[in-house]
Amino acid sequence: MAPTTSGAFTAHLRGDGTIELVTSSPVRVRFAPSPTGYLHIGGARTALFNWLFARQCGGEFMLRIEDTDSERSRPELIDVIFRSLEWLGLDWDGTPVHQSERGHLHQAAVDKLLGTGAAYWCDCTPDAVKARAEARGGTPGYDGFCAERNLENGDGRVVRFRVPSAGSTAFEDLIRGRVSFENENLEDFVILRSNGTPMFHLANAVDDADQGITHVVRGEDLINVTPKVILIREALAIEGDLTFAHLPLIVNEKRQKLSKRRDDVSVGDYIDRGYLAEAMVNYLATLGWGPPDDIEIRPLAEIVSLFRLEDVNKSGAFFDVKKLQHFNGEYIRNLSTTQFVNSSTRWLYEDAPWPAERFDIATFEVLAPLVQERVKLLSEVPGYVDFVFNADPIIDDDSWQKVMVKGAELAAAVLDHALAGFADCEWTAAGLEAALFSYAEQNEISKGKVQAPVRVSVTGRSVGPPLFESLEVLGRDETLRRLNAAKERL
RNA sequence: GCCCCCAUCGUCCAGCGGCCUAGGACGCCUGCCUUUCACGCAGGUAACACGGGUUCGAAUCCCGUUGGGGGUACCA
């Protein structure tokens with residue numbers, strides 16, 4: 001059960017570039033989103049797996065906002081990301097760190113690398129780099145043009161890391177085993193932009209060390225940047241081990257990495273559609289991992305204790321909304337009625353398909369249990385009760401066509417029977433049932449066929465909550481009025 | 001092109017050399033239950049990419065092929 005740890009000491013980089021070793025909790029992970037978009041499914045899964053790993057072994061789950069690219073970062077999104085994590089229930093430890101506020105640490109690291117010759121200034125423009133690459137034969141990448149020019153700081157210049165020309169850089173990945181890169185395939189990459197801000201690799205290496213991170217759990221799309229981070233750590237003489245675990249990507253139906261613009265994957269959108277956080281988290285946990293006993297739907301606490309980072313899959317997982325919906329339906333049905341009513345609030349009051357003044361919570365509460373066992377998404381709730389809160393039912397054309405037009409003869413007879421029977425029957429579900437189904441018995445017609453015209457007349461649709469309970473809530477006068485209206489429309 | 005990773009039902013997981021005539025879940029199909037729908041219940045459909053090894057024995061180990069994905073930025 002014990003997670004792989006790096007021991008009780010963690011390298012800590014001081015502002016002046018020197019290193020100190022500090023004791024720390026055995027495991028400390030971080031989720032490090034870049035505020036260039038909303039939190040999406042992939043990020044949520046990465047956060048979840050980090051969180052599960054930390055919570056399971058009593059470690060710490062930190063947050064770090066990677067906003068070193070001022071051009072792309074959108075500060076207003078940071079709060080959206082926090083709120084999405086809160087919605088998911090992934091609580092974090094300590095105060096979130098913003099990389100943009102730690103420029104001095106990054107600068108100190110760059111200075112140190114410059115001082116030891118592990119990095120150098122470069123005045124090549126991207127265009128020049130590309131032009132030389134094409135002249136060489138199309139192999140992309142920087143050619144080390146400025147490596148021995150001993151340039152000083154200057155306008156428009158960047159700092160590049162001097163990658164060893166020989167040897168290889170490898171690391172042990174908890175999920176993938178040993179991953180190795182030949183250094184000759186790594187170009188001298190930029191660590192400090194010409195505008196003075198640090199690049200991702202540099203800030204990442206420095207901050208992981210400074211925050212005492214022990215395990216880096218992230219998407220596989222970042223696996224190729226790992227050797228660069230390791231090279232930087234080595235050049236900075238950062239001690240202590242960093243264990244990596246690269247998670248398989250979550251993919252779309254074309255088996256490509258989920259993309260914010262191409263795929264519909266914002267966590268916020270799923271909140272809006274009526275998914276429960278518990279269902280989302282539970283489903284996400286089954287993407288790339290499965291419990292040993294094959295029981296997929298279960299409390300988070302159990303997942304926390306069963307989860308093993310080492311058991312995570314290596315291959316990409318398709319985000320199957322159908323299966324998510326099934327999970328959601330299960331979670332909705334497991335709610336208490338009160339919880340269900342509370343969870344439905346925004347669909348009852350905000351974008352409800354009825355005039356606000358006609359809505360009555362007490363009436364809804366009567367129907368709620370019947371609705372609860374039928375919906376897979378909370379956004380479906382209004383569709384089951386709108387007939388009560390609208391002055392007239394919204395007639396569904398297909399339903400009307402099928403039941404009231406094609407079955408016009410039966411519909412007319414049933415309506416007459418209902419009108420007569422409902423006029424003085426006991427106004428309870430049982431009383432209504434007896435009054436209507438006496439027609440089915442007398443004429444030897446299935447109850448299903450008999451209830452259909454009444455349902456369509458009163459609710460507008462051929463599907464919905466149980467009919468007699470619905471009528472009971474609607475009331476005698478309104479029911480008779482709608483039955484008459486439908487009869488005239490026949 | 002080059003680098004890295006991956007490969008079991010349509011999909012998500014189980015399987016870690018014999019318990020596999022490959023198990024569970026979603027989906028789909030059948031039936032039952034039933035006032036519609038949904039739930040529930042009982043069934044069914046459907047996979048070890050291919051080729052070589054290793055081994056008494058391979059879905060499981062090794063190599064290759066093919067296929068897929070990720071990366072290849074002064075994004076992260």
Side-chain angles (χ1 to χ4, degrees), chain A residues 32-36 66-69 71-73 122 124-126 129-130 137-142 156-160 173 175-176 179-182 184-187 189-201 203-204 218-227 246 248-249 251 253-257 283 286-297 311 313-327 329-330 333 370-376 384 399 403 432-433 436-437 440 446-452 454-456 459 461-468:
Chain A
S34 176
T36 54
E66 307 228 319
D67 53 356
T68 57
D69 185 358
E71 305 273 308
R72 293 163 200 259
S73 287
C122 166
C124 299
T125 63
V129 171
K130 192 178 293 180
T139 315
Y142 182 67
R157 293 180 180 177
V158 300
V159 174
R160 286 182 182 275
D173 189 291
I175 295 171
R176 276 152 226 285
V179 181
S180 178
F181 293 79
E182 295 299 321
E184 61 178 352
N185 291 321
L186 265 28
E187 63 177 324
F189 53 91
V190 174
I191 56 176
L192 190 74
R193 297 187 184 88
S194 57
N195 69 3
T197 58
M199 287 286 287
F200 164 71
H201 328 93
N204 211 264
R218 57 179 12 167
E220 195 198 351
D221 51 344
L222 291 170
I223 198 166
N224 50 256
V225 28
T226 302
H246 288 93
L249 262 19
V251 302
E253 59 289 336
K254 285 151 77 178
R255 304 216 64 85
Q256 294 166 324
K257 167 183 161 186
Y283 175 66
T286 68
L287 256 28
W289 177 81
D293 58 7
D294 273 349
I295 299 172
E296 295 184 316
I297 296 180
D311 289 342
N313 273 172
K314 298 183 179 75
S315 49
F318 171 60
F319 183 68
D320 187 353
V321 179
K322 283 244 186 77
K323 187 158 179 175
L324 205 212
Q325 277 192 18
H326 175 261
F327 275 45
E330 292 276 313
R333 287 191 293 279
L370 303 175
V371 176
Q372 183 177 357
E373 54 186 324
R374 287 172 168 73
V375 297
K376 283 199 167 80
Y384 278 86
S399 299
V403 178
L432 288 158
E433 180 176 343
L436 182 64
F437 286 158
S446 75
K447 293 172 176 177
K449 283 208 162 49
V450 172
Q451 59 93 40
V454 177
R455 179 184 293 282
V456 173
T459 71
R461 300 189 188 85
S462 54
V463 301
L467 182 61
F468 305 111

Minimum-distance nucleotide (side-chain atoms of [X] versus [options]):
{"X": "A/R176", "options": "B/rC5, B/rC74, B/rC12", "value": "B/rC5"}
{"X": "A/K376", "options": "B/rG70, B/rC13, B/rG27", "value": "B/rG27"}
{"X": "A/K257", "options": "B/rU72, B/rG70, B/rC37", "value": "B/rG70"}
{"X": "A/F181", "options": "B/rC26, B/rC4, B/rG71", "value": "B/rC4"}
{"X": "A/T286", "options": "B/rC13, B/rC12, B/rG71", "value": "B/rC12"}
{"X": "A/D294", "options": "B/rA76, B/rA7, B/rG24", "value": "B/rG24"}
{"X": "A/R72", "options": "B/rA73, B/rC37, B/rG27", "value": "B/rA73"}
{"X": "A/D311", "options": "B/rA73, B/rG69, B/rC16", "value": "B/rC16"}
{"X": "A/P126", "options": "B/rC74, B/rC12, B/rC39", "value": "B/rC74"}
{"X": "A/N224", "options": "B/rC3, B/rG71, B/rU35", "value": "B/rG71"}

Reckon [X] touches a base, only the sugar-phosphate, or nothing at all at heavy-atom distances under 4.0 Å?
{"X": "A/L436", "result": "nothing"}
{"X": "A/A452", "result": "nothing"}
{"X": "A/N204", "result": "nothing"}
{"X": "A/C124", "result": "base"}
{"X": "A/G448", "result": "sugar-phosphate"}
{"X": "A/K447", "result": "sugar-phosphate"}
{"X": "A/L467", "result": "base"}
{"X": "A/S180", "result": "sugar-phosphate"}
{"X": "A/E71", "result": "nothing"}
{"X": "A/G288", "result": "sugar-phosphate"}
{"X": "A/F200", "result": "base"}
{"X": "A/V158", "result": "base"}
{"X": "A/T68", "result": "sugar-phosphate"}

Find the distance [X]:[atom1] to [N]:[atom2] and express it as a whole number of Å.
{"X": "A/R218", "N": "B/rC75", "atom1": "CZ", "atom2": "C1'", "result": "14 Å"}
{"X": "A/Q451", "N": "B/rC37", "atom1": "CD", "atom2": "C1'", "result": "9 Å"}
{"X": "A/I175", "N": "B/rC6", "atom1": "CD1", "atom2": "C1'", "result": "13 Å"}
{"X": "A/L324", "N": "B/rG27", "atom1": "CG", "atom2": "P", "result": "12 Å"}
{"X": "A/D320", "N": "B/rG10", "atom1": "CG", "atom2": "P", "result": "14 Å"}
{"X": "A/E330", "N": "B/rC26", "atom1": "CD", "atom2": "P", "result": "8 Å"}
{"X": "A/K314", "N": "B/rA7", "atom1": "NZ", "atom2": "P", "result": "6 Å"}

Keeping A/Y384 on the side-chain end and A/V463 on the backbone end, is there a donor-acceptor pair under 3.5 Å?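 The answer is no, because no donor-acceptor pair under 3.5 Å joins these two groups.
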Report the base-pairing partner of [N] (Watson-Crick or G-U wobble, both distances below 3.5 angstrom), or none.
{"N": "B/rC37", "answer": "none"}
{"N": "B/rC50", "answer": "B/rG64"}
{"N": "B/rG1", "answer": "B/rU72"}
{"N": "B/rC16", "answer": "none"}
{"N": "B/rA25", "answer": "B/rU11"}

For this session: Answer yes or no: is there an ion pair linking A/E220 with A/K257, defined by an N-O contact shorter than 4.0 Å?
Result: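 Between A/K257 and A/E220 there is no salt bridge, as every charged N stays at least 4.0 Å from the carboxylate O atoms.
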Lys/Arg-Asp/Glu bridge criterion (N-O < 4.0 Å) met for A/E296, A/K323: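 Yes.
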Could you walk me through whether A/I223 and A/R176 pass the side chain to side chain contact (heavy atoms under 4.5 Å, CB included) test, one step at a time?
CA-CA 10 Å; A/I223 198 166; A/R176 276 152 226 285; 3.8 Å; yes
Inter-nucleotide [atom1] distance ([N], [M]), Å rounded:
{"N": "B/rU60", "M": "B/rU55", "atom1": "C1'", "result": "13 Å"}
{"N": "B/rC26", "M": "B/rC32", "atom1": "C1'", "result": "22 Å"}
{"N": "B/rC6", "M": "B/rG64", "atom1": "P", "result": "13 Å"}
{"N": "B/rA25", "M": "B/rU8", "atom1": "C1'", "result": "15 Å"}
{"N": "B/rA47", "M": "B/rA38", "atom1": "P", "result": "28 Å"}
{"N": "B/rA14", "M": "B/rC48", "atom1": "C1'", "result": "13 Å"}
{"N": "B/rC56", "M": "B/rG17", "atom1": "C1'", "result": "12 Å"}
{"N": "B/rG27", "M": "B/rU11", "atom1": "C1'", "result": "8 Å"}

Does atom CD (A/E253) have a neighbourhood of more than 12 heavy atoms from anything else shown, all under 6.0 Å?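 Enclosed.
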- Item | Exercise: do A/R255 and A/S315 side chains pair donor with acceptor under 3.5 Å |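 Judged by distance alone, the side chains do not pair up.
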- Message: Pairing donors with acceptors under 3.5 angstrom, does anything connect the side chains of A/T197 and A/N195?
- Response: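 The criterion, which ignores hydrogens and geometry beyond distance, is satisfied for A/N195 and A/T197.
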Check if the side chain of [X] and the base of [N] share a donor-acceptor pair of N or O atoms closer than 3.5 Å.
{"X": "A/S194", "N": "B/rC74", "result": "yes"}
{"X": "A/E296", "N": "B/rG24", "result": "yes"}
{"X": "A/R255", "N": "B/rU11", "result": "no"}

Q: Answer yes or no: does a side-chain N or O of A/N313 lie under 4.0 Å from OP1 or OP2 of B/rC13?
A: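 Answer is yes, contact under 4.0 Å.
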Can you check whether A/R193 has a side-chain N or O nearer than 4.0 Å to OP1 or OP2 of B/rA76?
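So the side-chain polar atoms of A/R193 do come within 4.0 Å of the phosphate oxygens OP1 or OP2 of B/rA76, strictly under.
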- request: Could you check if a side-chain atom of A/I297 sits within less than 4.5 angstrom of a side-chain atom of A/F327, using non-hydrogen atoms only?
  value: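 A side-chain contact under 4.5 Å exists here.
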Check for me whether the distance between the ring centres of A/F189 and A/F200 falls short of 6.0 Å.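 No, too far apart.
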If I compare all heavy atoms of A/L287 with all of A/F318, which pair ends up nearest, and what's the gap?
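Looks like CD1-O, 4.0 Å.
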Checklist entry - Given that A/H201 and A/Y283 both sit by RNA chain B, which one's nearest nucleotide is further toward the 5' end? => result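 Counting from the 5' end, the first nearest nucleotide belongs to A/Y283.
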Which comes earlier along RNA chain B counting from the 5' end, the contact point of A/F319 or that of A/P465, where each point is its nearest nucleotide?
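Its nearest nucleotide being more 5', the pick is A/F319.
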